[in-house]
Amino acid sequence: MQRGSDRLSVHRDDEMKHELKGLLRSGHPTRVEEWHDPEPAADDDPEVWSGPVGGLGSPASLERTRLELARHLSRHAFPAKPGELARALRRGNAPGGLVDAVAGLRHGHRYENVQQLAEALVGGA
């Protein structure tokens, strides 16, 4: 039994579900206006996977490594082991050096998020 306190009609609810279906299922930005989308990586961005940019163990290198990983991995890739993450990076067209660095991590360890993965890469864990 409905109480009649709905703000929208059943038909409008169905219309709104239909409008959002593509956005919810796509897994990528679906906006028409380009300025809503995040900016893609530039060709001249520093290659942080080849070594720490800010010096060994510095916060700058950890932050840059985390940013580079986040560009190529989605939230749905975690939790995962290094082999799974390396495959996800290859599918995301990540640079070979970054893929090799992730593939070279301990195979028994499972990473819960990008932060843990970046700390392992920068710290050499």
Side-chain angles (χ1 to χ4, degrees):
M1 179 174 182
Q2 287 193 356
R3 297 165 57 175
S5 62
D6 294 337
R7 288 182 38 205
L8 302 172
S9 72
V10 176
H11 300 292
R12 182 64 182 136
D13 266 352
D14 289 339
E15 286 176 20
M16 291 176 71
K17 285 178 189 175
H18 180 70
E19 290 172 5
L20 290 175
K21 187 187 301 183
L23 178 65
L24 296 174
R25 290 188 179 178
S26 68
H28 58 80
T30 58
R31 304 193 190 279
V32 175
E33 297 90 6
E34 252 183 60
W35 56 273
H36 279 295
D37 292 337
E39 186 174 329
D43 292 334
D44 61 345
D45 281 349
E47 295 184 4
V48 297
W49 53 88
S50 62
V53 175
L56 190 58
S58 75
S61 66
L62 175 63
E63 185 176 324
R64 289 180 179 143
T65 303
R66 186 179 61 228
L67 173 66
E68 190 62 33
L69 287 167
R71 285 181 178 165
H72 299 286
L73 292 173
S74 70
R75 286 185 280 175
H76 306 294
F78 294 96
K81 295 182 179 182
E84 298 166 350
L85 292 169
R87 283 190 294 278
L89 286 168
R90 277 190 207 98
R91 283 191 304 267
N93 297 322
L98 182 61
V99 174
D100 294 341
V102 170
L105 293 172
R106 286 188 301 149
H107 292 285
H109 193 71
R110 196 168 174 87
Y111 298 96
E112 299 296 321
N113 53 39
V114 173
Q115 179 68 27
Q116 285 182 353
L117 183 59
E119 287 172 356
L121 287 173
V122 171

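All residue numbers in this chain count up from 1 along the given sequence. Keep in mind that what you see is a predicted model, and the values were worked out from it rather than measured.
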Measure the spacing between [atom1] of [X] and [atom2] of [Y] and express it to the nearest 0.5 Å.
| X | Y | atom1 | atom2 | value |
| --- | --- | --- | --- | --- |
| Leu85 | His72 | CG | NE2 | 13.5 Å |
| Glu68 | Leu89 | CD | CG | 9.5 Å |
| Glu119 | Asn113 | CD | CG | 8.0 Å |
| Arg64 | Leu62 | CZ | CG | 11.5 Å |
| Gln115 | Thr65 | CD | OG1 | 10.5 Å |
| Leu105 | Leu121 | CG | CG | 5.0 Å |

(message) Could you walk me through whether Glu15 and His11 satisfy the side-chain hydrogen bond (donor to acceptor under 3.5 Å, both in side chains) test, starting with their C-alpha distance in whole Å, then the side-chain angles of each, then the deciding distance to 0.1 Å, before giving a yes or no?
(response) CA-CA 6 Å; Glu15 286 176 20; His11 300 292; over 6 Å; no
(message) For Lys81, is there any backbone N or O sitting under 3.5 Å from a side-chain donor or acceptor partner on Glu84?
(response)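 Yes, because the side chain of Glu84 sits within donor-acceptor range (under 3.5 Å) of the backbone of Lys81.
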(request) Measure across Phe78 and Tyr111 and return the closest heavy-atom pair with its distance rounded to 0.1 Å. (result)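 The pair with the smallest heavy-atom distance is CD2-O, 3.5 Å.
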(message) Looking at every heavy atom in both Pro79 and Glu112, which two are closest together, and how far apart are they?
(response)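 For Pro79 and Glu112, the tightest heavy-atom pair comes out as CB-OE1, 3.5 Å.
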